[in-house]
Amino acid sequence: MQQTNFAAIEKKWQGRWEKEKTFEVDEKSKKQKHYILEMFPYPSGLGLHMGHALMYTLGDIYSRFKKLQGFNVLHPMGYDALGLPAENAAIKDGTLPSKYTKKSIDNFTKLFKKFGISYDWTRTLSTSDPSYYKWDQWIFLKMLEKGLAYQKESSVNWCSKCETVLANEQVQNGMCWRHEETPVQVKKLKQWFLKITDYADELYEGLSDLKDWPERTKTMQRNWIGKSHGTQIMFEINKKEWPIFTTRPDTIFGVTFMVVSAQHTRLDSLVTPEQEMEVDKFLKKLKSVSEKDFGAMEKEGVFTGSYAINPANNEKVPVYAGNFVLADYGSGMVMAVPAHDKRDFEFAKKYKIKITQVVSGDSITKKAYVGEGKLINSEKFNDISNTQAKEKITSWLEKKKVAKKVINFKLRDWGISRQRYWGTPIPIIHCEKCGAVPVPQKDLPLKLPEKVKFGKGNPLETATEWIKTSCPRCKGNAKRETDTMDTFVNSSWYFLRYCDSSNDKAIFDKKKANYWTPVDYYFGGSEHACMHLIYSRFYSKFLRDIGLVNFDEPFTKLFHQGFVQGADGNKMSKSLGNVVDPYEIIDKFGVDTLRLFLFSVASPDKDYSWSENGIIGSFKFVKKIINYYSEVKISSSKKDIQEKFAQTVTLVEKNFEKIEYRKVTILLREFFEQFSKEKENSKEILEGFLILCSSFCPHITEELWEKLGNKDFISNAEWPKGKIVKQEISQNNPTSKIIEEIKSIQNKLNSSYEKIYVYVLPFELSSINQSKIKNTFKKDVTIFAVNDSKKYDPKNKAKNTRPGKPSIYVE
RNA sequence: GGGGAGAUGCCGGAGCGGUCAAACGGGCUGGGUUUAGGACCCAGUAGCAUCUUGCUUACGGGGGUUCGAAUCCUCCUCUCCCCACCA
């Protein structure tokens, strides 16, 4: 047994793959295409952790498997390089975002190469590259053209000291991250939005076609888009009509107040002079718009002084401004029915507002009753079930022309404006005369200026020369838009750019994109379930509508990997000191062992804790394989090994397909246990086993493959043939099984008996030869199906019955 | 506040109606082997028993469906994750 130099083997094969362009692909292949993608990383300077290692190996294993199966596999990688951390680094220690980003990207590339990930590096891209974000701008202009990009006022978190908009993560306990004593304020700015809501229904309905997406992800998206059928009811306030959306028109007679969002643009028009002070005081109290805090906040409000008239009974109810009503959902005002809504109930209790029960059911003295029931206190609708009442009251109000049925979505338009530097500049010029004018396409990319100052405000505001420009329409004085785009814009279509990443004439070649897309298997974290994965779907649909792509859904299959936690079960973090550095592990055990171990512990969609002991187990297995291959004699394999191999191949294939890598490792171990007991084996078996292992352990399998005398790479090998797994049905005669059982009981029994009762499963009953049993024992034999309610079974023996294993009672 | 996932033996975790005292690792115990490296091999690892297939107790807790539940339903308790200016 000799020491294996893993590092040398890894370097050798990584070099050869690169030299021979093993993983570079094009559209000319005769093989069937397969597009495998892992969500590209944000290259953060914090470096790489086991989570990255897990995620990218996850895709790589599948990708290598597909290649072995004979597909033309596209497996690219790039960097989602624009974003806040690079800018924070600039603010904190003066590093230029571009420099920071480049360094981080180099770090990541190093890791990917170290791991032997099979990327086609010729297609790599970085979103911070103007040749990439040029096309972000191009798409933006297309959306503008189609009326899908527009400006409106919207609230942001604002720190008066930084004079900057704050991200949610920069708000800490309502204070600025850099100025602990400065409370975050709410500020309104004119910002750019993309009209994702135009696609709300298609995004919602399309989910049911995504058969190979995790159910939970689809559920989350459905809840996010939040399609709900309801009724819009007109309430009159100060002689003006206010439409109110509700899913509970049946409770209209229980409305005792209204709540308008504190952020509502028309709030001012509701506040009476007497209440002005109170309302102002309240608004000042609402510090942050961060929705994280939004939910945690206690329900609070203030009376505006106005009253609304309930169209159902003409009752006057007070209008409050509240912090728990969303300005953008529905009409920004809700009708409150405290008897039957939890939030309304809390609010009514707090401000001592009347509570009227209109659906009979539990008492409402302590909490709201949200269940079903018959209507009460509802005039002519009394005694109707509330579900029926929804319809009836709606049509009654419709006739009175004060209501209509509507479909409402929770999804809001996508605010893409960021008052930051390290993002894609929005290609707009603000002209004093012409307003917001798009930058002409020929002027793209609109590059980020380099002469900026970081620290206070939006750095782009300090690029005075860059800002100053002339209007493309009237040539008059104009200023550039200084907002940049949300980085989710960049990641919404990057998978298309990989198909033709160096194209400088077009966003991509349509033919190439149509060949590779849609992505067949997409790997990434579940935290993206409701953002990136919805935005990408939206972008795809838009690009389809302008004739660039020919699919409806960008990702056919989707897989979410779990988290790798520290050995203590907590998230790996520096402060907890439980971080495991991939490089250290590789130095100790080699990449292949790590790759194997990452999928030996748990199913990859689950979180699991790192364990040093565990990796030793994988290391042992790798070493066993190497040792066995150095000793085995090549001749022929026994028949049972050949059979087991065929079976293993089939099962491995099946489990790879389901990303059940853990089961694959079990199958590989089991098969290895069996065939490595032999001193000699056939070349076919020896090579075949290596192929099965090569997705996990590409380097050492290449090495052993070469030692077996192969000239080409194992990476280019052909997947071995499997056989249909024999169904091992234990159909060995139930009658003789019963006889056997009775005999064994006879042996143990001292006393004599006259009657034999046999209990079998219902479906087995017909296949039992009762007379044969009778003849064998010359006793009275009765056979019952286990579910026979009239069976004689004083000792309750029937409960032990199993398939192929009857239970017996004698007396 | 809303949404999602989960709870299995000493540990990590499979299992998703019968073949389950429960795969596969790790740990531990006993034996062998080697004594040169975190080495290797075999057996055992809920309790009891007449220790080749027997009984009892077991898959967070309670209740239910079923001939039969770790697996299905329901309630409870606890844990983790996500929420649109972090990507």
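Letters A, B, ... mirror the listed sequences (proteins, then strands); counts begin at 1.
- The side chain to side chain donor-acceptor pair (under 3.5 Å) test with A:Thr424 is passed by exactly one of A:Thr487, A:Asn490, A:Thr484: A:Asn490.
- Between the side chains of A:Glu481 and A:Trp192, at least one donor N or O sits under 3.5 Å from an acceptor N or O.
- The distance from atom CG of A:Leu668 to atom P of B:G25 is 12 Å, rounded to the nearest whole Å.
- If you take atom P in B:C16 and the same atom in B:C80, they sit 28 Å apart, rounded to whole Å.
- Base-pair partner of B:C28: B:G44 (Watson-Crick or G-U wobble, both distances under 3.5 Å).
- Side-chain proximity of A:Tyr535 to the nucleotides B:A14, B:A84, B:G38 is greatest for B:A84.
- Comparing B:C51 with B:U65, their C1' atoms sit 37 Å apart, to the nearest whole Å.
- The closest side-chain donor-acceptor pair between A:Gln419 and A:Asp483 falls under 3.5 angstrom.
- Straight-line distance from the OH atom of A:Tyr539 to the P atom of B:A84: 19 Å, rounded to whole Å.
- Inter-residue side-chain proximity for A:Cys693 and A:Phe696 is flagged as unmet; no heavy-atom pair is nearer than 4.5 Å.
- In this structure, A:Ser600 and A:Ser417 both approach RNA chain B, and ranking their closest nucleotides by distance from the 5' end singles out A:Ser600.
- Judged by Watson-Crick or G-U wobble contacts below 3.5 Å, the nucleotide B:G38 has no partner.
- Within the 4.0 angstrom heavy-atom criterion, no nucleotide atom of any strand lies near A:Trp414.
- Considering only the side chain of A:Glu527, B:C82 comes nearest among B:C82, B:A23, B:A84.
- For the atom pair OH (A:Tyr421) and CD (A:Glu461), the distance works out to 14.0 Å, reported to the nearest 0.5 Å.
- The partner of B:U53 cannot be assigned: no Watson-Crick or G-U wobble pair with both contacts below 3.5 Å exists in any strand.
- In this structure, A:Gln221 reaches neither bases nor backbone, as no heavy-atom distance under 4.0 Å exists between it and the strands shown.
- Considering only side-chain atoms of A:Val156, the nucleotide from B:C85, B:A87, B:G38 that sits closest is B:C85.
- Counting any heavy atom pair closer than 4.0 Å across all strands shown, A:Phe619 reaches no nucleic acid atom.
- Annotated as syn: B:C51, whose glycosidic dihedral is within 90° of 0.
- If you check B:U66 for Watson-Crick or wobble pairing at under 3.5 angstrom, you find it has no partner at all.
- A salt bridge links A:Lys624 to A:Glu673: at least one charged side-chain nitrogen sits closer than 4.0 Å to a carboxylate oxygen.
- For B:G6 and B:U57, the P atoms lie 30 Å apart once the distance is rounded to whole Å.
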- Scoring nucleotides 3-9 of chain B by protein non-hydrogen atoms under 4.0 Å (B base, S sugar-phosphate only, - none) yields SSS----

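- Separating the P atom of B:C20 from that of B:A69 is a span of 16 Å, rounded to the nearest Å.
- In the interface, the side chain of A:Gln419 is paired with the base of B:C85 through a donor and an acceptor atom under 3.5 Å apart.
- Nucleic acid contact class of A:His532 (heavy atoms, under 4.0 Å, all strands): none.
- Rounded to whole Å, the C1' atom of B:C11 lies 7 Å from the corresponding atom of B:G27.
- OP1 and OP2 of B:A39 both lie 4.0 Å or more from every side-chain N or O belonging to A:Lys624.
- Each of A:Ser603 and A:Lys620 was assigned the nucleotide of RNA chain B with the nearest heavy atom; the assignment lying further toward the 5' end belongs to A:Ser603.
- In the set B:A87, B:C85, B:A23, the nucleotide with an atom closest to the side chain of A:Arg662 is B:A23.
- Comparing the C1' positions of B:A14 and B:A21 gives a spacing of 15 Å, expressed to the nearest Å.
- Taking only side-chain atoms of A:Phe589, from C-beta outward, the nucleotide of B:A87, B:G38, B:C67 with the closest atom is B:G38.
- Atoms OH and CG, on A:Tyr661 and A:Leu667 in that order, are 14.5 Å from each other to the nearest 0.5 Å.
- The side chain of A:Lys623 places no N or O atom within less than 4.0 Å of a non-bridging phosphate oxygen (OP1 or OP2) of B:C40.
- Atom C1' of B:U77 sits at a distance of 15 Å from the matching atom of B:G63, rounded to the whole Å.
- Listed nucleotides: B:G38, B:A84, B:C67. Nearest to the side chain of A:Arg412: B:A84.
- For A:Glu631 and B:A39, the CD to C1' distance is 13 Å, given to the nearest whole Å.
- With sequence neighbours excluded, the residues satisfying side chain to side chain contact (heavy atoms under 4.5 Å, CB included) with A:Glu215 are A:Lys218, A:Arg222.
- Rounded to whole angstrom, the span from the CG atom of A:Asp605 across to the C1' atom of B:C80 amounts to 15 Å.
- One interatomic measurement links the two molecules: CG of A:Asp788 to C1' of B:C67, which rounds to 10 Å at whole-angstrom precision.
- A donor and an acceptor atom never sit less than 3.5 Å apart when one is taken from the side chain of A:Glu673 and the other from the base of B:C24.
- Atom CD in A:Glu660 sits about 13 Å away from atom C1' in B:A23, given to the nearest Å.
- Looking at the side chain of A:Glu670, the nearest of the listed nucleotides B:C24, B:A87, B:G38 is B:C24.
- Across all strands shown, A:Leu761 has heavy atoms under 4.0 Å from base atoms, whether or not it also approaches the sugar-phosphate.
- Of the side-chain N and O atoms in A:Arg418, one or more sit less than 4.0 angstrom from OP1 or OP2 of B:C85.
- Contact annotation: side chain of A:Arg669 to base of B:A23, donor-acceptor pair absent below 3.5 Å.
- The side-chain heavy atoms of A:Phe597 and A:Ile585, taken from C-beta on, include no pair separated by under 4.5 Å.
- Closest contact between the side chain of A:Pro85 and the listed nucleotides B:G13, B:A87, B:C67 involves B:A87.
- Residue A:Phe193 is out of contact with every strand shown, counting any heavy-atom pair closer than 4.0 Å.
- At the heavy-atom level, A:Ser491 lies nowhere under 4.0 Å from the strands shown.
- The C1' atoms of B:C67 and B:C72 are separated by 16 Å, rounded to the nearest whole Å.
- Within the 4.5 Å cutoff, no side-chain heavy atoms of A:Tyr204 are placed close to those of A:Leu411.
- Between the CE atom of A:Met55 and the C1' atom of B:A87 there is a distance of 11 Å, rounded to whole Å.
- Set against B:C85, B:G26, B:C67, the side chain of A:Asn787 has B:C67 as its closest nucleotide.
- One finds a side-chain N or O of A:Thr487 lying less than 4.0 angstrom from the OP1 or OP2 phosphate oxygen of B:A87.
- Regarding A:Tyr100, its OH atom lies at a distance of 11 Å from the P atom of B:A87, rounded to whole Å.
- Nucleotide B:A7 forms a Watson-Crick or G-U wobble pair with B:U77, both donor-acceptor distances falling under 3.5 Å.
- The side-chain heavy atoms of A:Met77 and A:Phe40, taken from C-beta on, include a pair separated by under 4.5 Å.
- Judged purely by distance below 3.5 Å, without hydrogens or angles, the side chains of A:Thr197 and A:Asp413 pair a donor atom with an acceptor atom.
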